[in-house]
Amino acid sequence: MSDKERNDLNDLKPSRQESNNTAAAALSVQDLAVYYPAGHRKFVHAVDGVSFQLHSDETLGLVGESGCGKTTLGRAILGLTPVTRGTILFEGRDISTFKSEALKEHRRHIQIVFQDPYSSLDPLMTIEQILSEPLKIHHLCSGRKERSEKIAGLLRAVGLDPELAKRYPHEFSGGQRQRIGIARALSLNPRMIVCDEPVSALDVSIQAQVINLLMDIQEEQGISYLFISHDLAVVQHICHRIAVMYLGQIVEQGTTKDIHSRPLHPYTKALLDAVPSLEKNSGAKKIFLSGEIPSPLDPPAGCRFHPRCPFATERCRREAPAPVEITPGHTVTCHLCSSDTTPSL
């Protein structure tokens, strides 16, 4: 990152008054559930009893197979999806209850970078118009000149020439469009950004550039990221902690180092075993999942992973496990684990 880009990032830092609140800018989700109606007395259990915390200046990776509820969880935090049960505390306020103006103000502080850089930008608007829109809605600039200077700083901060502001999205590559999406998320000086698989649609070399950009922005501004992904290799590179999600529930949480070096839940181990590697096989037995993910419309009783788990017992089939903290900060939801015993995976 050039000195000019670094200066532009510094210009985008929150004001002194906002910076004083940043220390308290932690997200705490408790027993969160999001159900979608699906006919008479039937509901899709998209998110069901999720709890976690995200601290300031931290990146939490949320990983799991498609359909596990990752994006629904992110949308609930943003206020885009109604919450069925639970609380979402941001800076000590339960944002799940926000309406109208309170919700509008909340969205200024928590922004999103979408998965698809091709469909997330309005093709009929120039880049200048796209970046101007949130500034106008939240009345952050006093006039056109100040707004133009802000937009120029945003584009330089994400590695783009401000002269490109008059162009339309179709004139940019996928990586450039995602940089524009990041600039739009930064425009309101947020304290947290939900990154919904922000690099999955990009080439590998471009993925690295975008990931490094996000890390530079976090270092300069102290923004917290909820990084949603199915790619454990990407998550390992950018995240401080990881939460593994299966069928609407978090089954394991811990530091990135702990999750990769000592996975405790069979599902976590299976995800790691599925990552391609050029390293010589250590001879350790791998876990390969069979069968399909059960329907969230009718999740199985007991442990939700038991129909696919090679270690499942009768207790797993009838009794839902509770989260257990094995070591400080490393929690697993599995009958095979306790504070003094762990499964031999």
Grab the two heavy atoms, one from [X] and one from [Y], that are nearest each other, plus how far apart they are.
{"X": "L271", "Y": "G64", "value": "CD1-CA, 4.5 Å"}
{"X": "P82", "Y": "V34", "value": "O-CG1, 3.7 Å"}
{"X": "R241", "Y": "T256", "value": "N-OG1, 3.7 Å"}
{"X": "L247", "Y": "P300", "value": "CD2-CD, 3.8 Å"}
{"X": "A157", "Y": "L213", "value": "O-CD1, 3.7 Å"}
{"X": "F227", "Y": "L214", "value": "CE1-CD1, 4.2 Å"}

Quick one, [X] and [Y] - any side-chain contact, counting heavy atoms below 4.5 Å?
{"X": "Q253", "Y": "I250", "value": "yes"}
{"X": "P169", "Y": "I130", "value": "yes"}
{"X": "M192", "Y": "Y225", "value": "no"}
{"X": "V47", "Y": "M245", "value": "yes"}

* To do: Could you list the residues that satisfy side chain to side chain contact (heavy atoms under 4.5 Å, CB included) with E149, not counting sequence neighbours?
  => K145

* Asked: By side chain to side chain contact (heavy atoms under 4.5 Å, CB included), which residues pair with D94, not counting sequence neighbours?
  -> T87, L89, S96, T97

Between [Y] and [X], is there a salt bridge with N-O shorter than 4.0 Å?
{"X": "E65", "Y": "R308", "value": "yes"}
{"X": "R304", "Y": "D48", "value": "yes"}
{"X": "R191", "Y": "E91", "value": "yes"}

* Tell me, yes or no, whether the heavy-atom count around R93 atom CZ, taken from other residues, nucleotides or ligands under 6.0 Å, exceeds 12. => no

* Asked: Would one find more than 12 heavy atoms of other residues, nucleotides or ligands at under 6.0 Å from atom CD of E292?
  -> no

* **Residues E128 and S132: side-chain donor-acceptor under 3.5 angstrom** => no

* Derivation and outcome, side-chain contact (heavy atoms from CB on, under 4.5 Å), residues R167 and T126 -> CA-CA 5 Å; R167 296 187 181 183; T126 66; over 6 Å; no

* To do: For the pair L186 and I217, evaluate side-chain contact (heavy atoms from CB on, under 4.5 Å) and give the outcome as yes or no after the intermediate values.
  => CA-CA 9 Å; L186 291 173; I217 291 170; 3.6 Å; yes

* To do: Report yes or no: do Y36 and V50 belong to one cluster of Ile/Leu/Val/Met/Phe/Trp/Tyr joined by side chain heavy-atom distances under 4.5 Å?
  => yes

* Is the Y168 ring parallel, tilted or perpendicular to the H170 ring (thresholds 30°, 60°)? -> parallel

* How are the rings of F98 and H106 set to each other: parallel, tilted or perpendicular (split at 30° and 60°)? -> perpendicular

* **Pairs touching residues 228-240 that satisfy side chain to side chain donor-acceptor pair (under 3.5 Å), sequence neighbours left out** => E197-H230

* **Residue pair D116, S119: steps toward the side-chain hydrogen bond (donor to acceptor under 3.5 Å, both in side chains) verdict** => CA-CA 6 Å; D116 187 357; S119 64; 3.1 Å; yes

* Decide side-chain hydrogen bond (donor to acceptor under 3.5 Å, both in side chains) for Q218 and T59; before the verdict, give the C-alpha distance in whole Å, the side-chain angles of both, and the deciding distance to 0.1 Å. => CA-CA 9 Å; Q218 184 177 61; T59 302; 2.9 Å; yes

* To do: Let me know which of F311, F305, Y246 forms a ring-ring contact (aromatic ring centres under 6.0 Å, His included) with H265.
  => F305

